[in-house]
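One structure below.
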Amino acid sequence: MKILVPVKRVLDYAIKARAKADGSGADLAGLKMSLNPFDEIALEAALRLKEAGQAHEIITVSCGEAAVQDGLRTTLALGADRAIWVSTPENLQPLAVAKLLREVVLRESADLVLCGKQAIDDDANQTGQMLAALLDWCQATQAADIRHDAGSLDVVRETDQGTETLRLTLPAVITADLRLNEPRYATLPNIMKARKKPIEELSAETLAVDIAPRLTTLHVAEPPSRPAGIRVKSVEALLNGLAQTIGGKSQ
Ligand code: AMP
């Protein structure tokens, strides 16, 4: 089985996002960028499938400007066999990413795409689903566990009603949820080795994909700051205050 793992470079999860003064987008200048955490989980799942003898090759792919190659180097240090950079001039919307990934999947004859359930910058939660639709492949989203047995893949999904287990027929797309695994760290020797590994370069033009945005961002704003708390003298005063607040809201 050949696994393709799409990875996105996003603002590090520990950094607070700021909106640009003109409201046209997020201001990322000088801020730390990292691999999307759900994509690290997806890669870890792919590595475990390979270690269990279920996969023979893991290819990571990232679409975007030159800087996304940093994330690809990290994936090589973590154990990916190859990395592909699809160079694009601008920030991409999920449909454009899905169309680019479709072409890479077909070129590589991949059997399984393991991607994150969502990118923590746009919180779109769309790319995996759109990719499965464009490929006409089956999909299991928000995987909390992946079990392999005699050539089949069972995916456990957490739902509001409990868990749902799906048996997938390959080829398929799986999107990774938080509880799927705990990703490993790259070792220093592997980070050094990854620096020398080649990254294949493709572009939206070579893949003949129209990446024109379909949506226009009208305004980006930071959440309103929370009002300061107050200190109360007793538990009784706290309960009275809460009762008044709840009473006020329900009227
Ligand atoms: P989204 O639909 O934007 O929330 O992203 C869902 C998943 O699609 C991410 O976790 C990645 O696995 C993949 N993805 C999104 N954007 C990119 C990108 N520019 N390059 C590669 N993979 C991406």
Side-chain angles (χ1 to χ4, degrees), residues 3-13 17 25-26 28 33-47 58-76 78 80 82-108 110 112-135 137 139-144 146 155 157 172-181 183 199-204 207 209-215 217 220:
I3 308 180
L4 196 89
V5 182
V7 295
K8 186 175 187 189
R9 182 175 183 265
V10 296
L11 180 64
D12 188 88
Y13 74 93
L28 302 178
M33 306 292 283
S34 301
L35 273 184
N36 183 43
F38 292 109
D39 304 353
E40 290 181 303
I41 295 171
L43 177 58
E44 177 65 34
L47 293 169
I58 299 170
I59 305 164
T60 51
V61 52
S62 197
C63 313
E65 291 167 340
V68 305
Q69 291 176 91
D70 294 348
L72 289 172
R73 294 240 168 260
T74 307
T75 66
L76 290 170
L78 286 165
R82 287 197 286 130
I84 301 174
W85 166 37
V86 182
S87 102
T88 63
E90 58 196 298
N91 250 346
L92 296 168
Q93 291 179 356
L95 178 59
V97 177
K99 288 196 282 184
L100 291 168
L101 292 176
R102 175 183 181 273
E103 295 311 311
V104 179
V105 165
L106 296 177
R107 276 170 87 108
E108 291 292 342
L112 176 66
V113 175
L114 251 168
C115 62
K117 76 162 181 180
Q118 75 193 67
I120 61 165
D121 52 0
D122 60 16
D123 274 342
N125 192 339
Q126 295 174 0
T127 308
Q129 294 89 324
M130 286 177 169
L131 176 62
L134 291 172
L135 287 164
W137 286 9
Q139 61 177 305
T141 55
Q142 284 144 255
I146 300 176
V155 173
R157 307 178 62 241
V173 176
I174 298 177
T175 74
D177 209 341
L178 198 62
R179 272 188 282 273
L180 180 56
N181 58 48
I199 292 178
E200 187 185 344
E201 185 181 339
L202 298 171
S203 68
L207 295 174
V209 171
D210 171 16
I211 55 166
R214 303 278 181 97
L215 303 168
T217 302
V220 173

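All of these numbers come straight from a predicted model, not from anything done at the bench. Counting starts at 1 for both ligands and their atoms, following the listed order.
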With nothing but distance in play, are any N or O atoms of [X] less than 3.5 Å from an N or O of ligand 1?
X	answer
P94	no
D123	no
K117	no

Query raised in the report: Is D121 paired with K8 through a side-chain N to carboxylate O contact shorter than 4.0 Å?
Result: yes
Numbering as shown, the atoms of ligand 1 that approach [X] to under 4.0 Å (heavy-atom distance):
X	answer
N125	1 (P), 2 (O), 4 (O)
V7	20 (N), 21 (C), 22 (N)
D122	1 (P), 3 (O), 4 (O)
C115	12 (O)
V61	21 (C)
A119	1 (P), 3 (O), 4 (O), 5 (O), 6 (C)
A124	1 (P), 2 (O), 3 (O), 4 (O)

Query raised in the report: Under 4.5 Å between any side-chain heavy atoms of V104 and V86, yes or no?
Result: yes
**Report entry** Beyond-backbone contact of P37 with I120, side-chain heavy atoms, under 4.5 angstrom
**Finding:** yes
Query raised in the report: Do Q129 and N125 get their side chains close enough for a donor-acceptor pair, meaning under 3.5 Å?
Result: yes
[X] and [Y]: which non-hydrogen atoms are nearest, and at how many Å?
X	Y	result
A110	L4	CB-CB, 4.1 Å
A132	Q139	CB-CB, 3.7 Å
I41	D177	CG2-O, 3.6 Å
A143	V155	CB-CG1, 3.4 Å

[atom]: the protein heavy-atom neighbour that sits closest, reported with distance to 0.1 Å:
atom	result
atom 22 (N) of ligand 1	P6 CB, 3.4 Å
atom 17 (C) of ligand 1	V97 CG1, 3.5 Å
atom 16 (N) of ligand 1	K8 CD, 3.3 Å
atom 9 (C) of ligand 1	D39 OD1, 3.4 Å
atom 6 (C) of ligand 1	G116 O, 3.6 Å
atom 19 (N) of ligand 1	C63 O, 2.9 Å

Query - ligand 1 versus V68: contacting region, heavy-atom distance under 4.0 Å - result: neither
Report summary line: side chain to side chain contact (heavy atoms under 4.5 Å, CB included) with I3: of L43, L47, I59, L112, only one passes, and it is L112
Query - V113, L4, T127, V173: member with heavy atom nearest to atom 8 (O) of ligand 1 - result: T127
Report task. Start with the C-alpha distance between D123 and Q118, add both sets of side-chain angles, then the distance that settles side-chain hydrogen bond (donor to acceptor under 3.5 Å, both in side chains), and finish with yes or no. Result -> CA-CA 6 Å; D123 274 342; Q118 75 193 67; 2.7 Å; yes
**Report entry** Candidate pair E65 and R9, rule salt bridge (Lys or Arg N to Asp or Glu O under 4.0 Å), full reasoning
**Finding:** CA-CA 10 Å; E65 291 167 340; R9 182 175 183 265; over 6 Å; no
